[in-house]
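Here's the structure we're looking at; comments come further down.
When a ligand or atom number is given, it counts from 1 through the structure's own listing order. The first residue of the sequence shown is numbered 1, and numbering continues consecutively from there.
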Amino acid sequence: MDKVVLAFSGGLDTTVCVKLLEEKYNLDVITACVDVGQPKEEIEKAKNVAESIGVFKHYSIDAREEFADDFISKGIKANAVYEGYPLSTALARPLIAMKIIELAEMEGVTAIAHGCTGKGNDQFRFESIIRSMSNFKIIAPVRELNLTRTEEQDYARSHGIPLSPEAKFSVDENIWGRSIEGDVIEDPKNEVPAEAYLWVKSVEEANSVPEKISIDFESGIPIAINDEKMSLIDLIAKANKIAGSNGIGKIDIIEDRMVGLKSREVYEVPGATLLIEAHRGLEGLVFTKDELKFIDYISPLYSDLVYNALWHEPLREDLDKSIDFMQRRVNGRVVLNLFKGHITILSRESKFSLHDIEQISFEDKENDQREIEGMIKHHGIQASIYQKQNH
Ligand code: ARG
């Protein structure tokens with residue numbers, strides 16, 4: 001029998017896909033769970049589910065460091081946020097696709113499969129990378145059979161697939177965030193039930209005393225929290241804990257999907273919210289006014305490319321090159337106060353600071369204030385002529 005590699009999480013969609021691929025497509029299924037920093041239990045769960053439904057072979061692929069160092073780091077440097085969403089799922093998809101291609105080549109399979117529906121963005125993200133970087137045939141059973149989530153649940157029950165109670169929501173998790181969709185959340189009229197949130201405390205349950213933390217950056221990348229240096233992946237995990245316990249990073253938005261549909265989306269992105277806020281705060285100190293305008297212009301462009309399944313587009317690489325060049329100067333420390341869902345920047349410092357304390361100070365006498373008079377006389381000269389002509 002021909003073999004297929006299926007990108008597998010152990011959730012409803014991908015578990016149902018195993019049986020569909022066997023039954024309707026006559027394939028032996030190799031499942032692959034790519035570890036991009038989702039909780040360890042999820043990796044275990046995927047393995048157990050794969051074993052319990054008797055897949056041909058199962059792989060867990062550790063891509064945590066790569067995800068942090070080659071994808072999230074770029075997201076931080078670009079302040080990549082789409083309509084309020086720090087692109088946690090979107091940044092991981094290209095890497096997952098690349099890892100699946102490597103495995104498919106190694107296993108000599110005929111096709112690659114994924115469990116995405118025909119409504120979301122992830123199908124674009126997987127398939128555009130697979131098509132650009134390999135010649136594998138792509139199978140998308142849920143989309144091809146036009147299945148609803150209830151049909152999937154019925155199919156799972158009739159095929160002895162265990163359904164976990166959380167399965168009512170469609171959740172995607174990695175170290176950069178947790179995306180929650182489906183069930184009552186779909187309708188923007190409904191409030192998000194408390195049980196949907198796992199990473200971020202409610203305002204009521206958040207720490208009752210403010211927490212002050214420092215974050216150090218080197219070339220735009222956070223390298224230490226509270227003076228403790230650590231790898232990016234560990235730092236993000238720590239940032240998730242600290243921000244989550246202070247109620248920071250719940251995002252509830254109406255998102256414009258690639259297919260044109262508006263969708264109510266909910267995210268838990270505590271670490272991403274904190275780190276991007278701190279990063280942007282430091283940029284304010286080291287970049288010129290024009291540089292800041294430029295980054296505010298390119299950041300949405302960058303975010304759109306990531307969101308719109310165009311990680312492999314040359315413009316993304318071009319932008320990364322200029323961003324990296326600028327980020328050489330994003331070095332220094334930001335101190336922040338975290339309290340009940342709010343982040344306040346308390347202080348920032350950098351050896352590349354463009355702020356001149358001598359010149360701005362109210363106490364400075366050396367820079368003669370009177371010299372500014374000439375500049376003021378000529379300021380708004382055209383506006384002044386216009387006003388005189390018309391009044
Ligand atoms: N809307 C988000 C995006 O397009 C998240 C998708 C998450 N997928 C999921 N199965 N819940 O990036």
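With a 6.0 Å cutoff to the six-membered ring centre and a 45° limit on the axis angle, Lys250 does not count as a cation-pi contact of Tyr267. Geometric assessment of Arg316 against the ring of Trp311 yields a positive cation-pi assignment under the 6.0 Å and 45° thresholds. By the 6.0 Å and 45° rule, Arg157 does not stack over the aromatic ring of Tyr155.
Given atom 10 (N) of ligand 1, the protein heavy atom at minimum distance is Ser170 OG, 3.1 Å. Closest protein heavy atom to atom 2 (C) of ligand 1: Tyr267 OH, 3.0 Å. The shortest contact between atom 9 (C) of ligand 1 and any protein heavy atom is with Glu181 OE1, 3.3 Å.
Atoms of ligand 1 lying under 4.0 Å from any heavy atom of Asn121, numbered from 1 in the order shown and given with element: 3 (C), 4 (O). Each of the following atoms of ligand 1 lies closer than 4.0 Å to a heavy atom of Asp122: 6 (C), 7 (C), 8 (N). Near Arg125, meaning under 4.0 Å from one of its heavy atoms, ligand 1 places the atoms 3 (C), 4 (O), 12 (O).
Here Phe71 and Trp176 keep their ring centres 6.0 angstrom or further from each other.
In terms of heavy atoms, Ser60 sits closest to Ile43 at OG-CG2, 3.9 Å.
The residue Arg257 has no part lying near ligand 1, judged by heavy-atom distances below 4.0 Å.
Just one residue in the list Arg257, Arg93, Arg143 forms a salt bridge (Lys or Arg N to Asp or Glu O under 4.0 Å) with Asp122, and that residue is Arg93.
When Phe169, Tyr85, Tyr82, Phe124 are checked for heavy-atom proximity to atom 12 (O) of ligand 1, Tyr85 turns out nearest.
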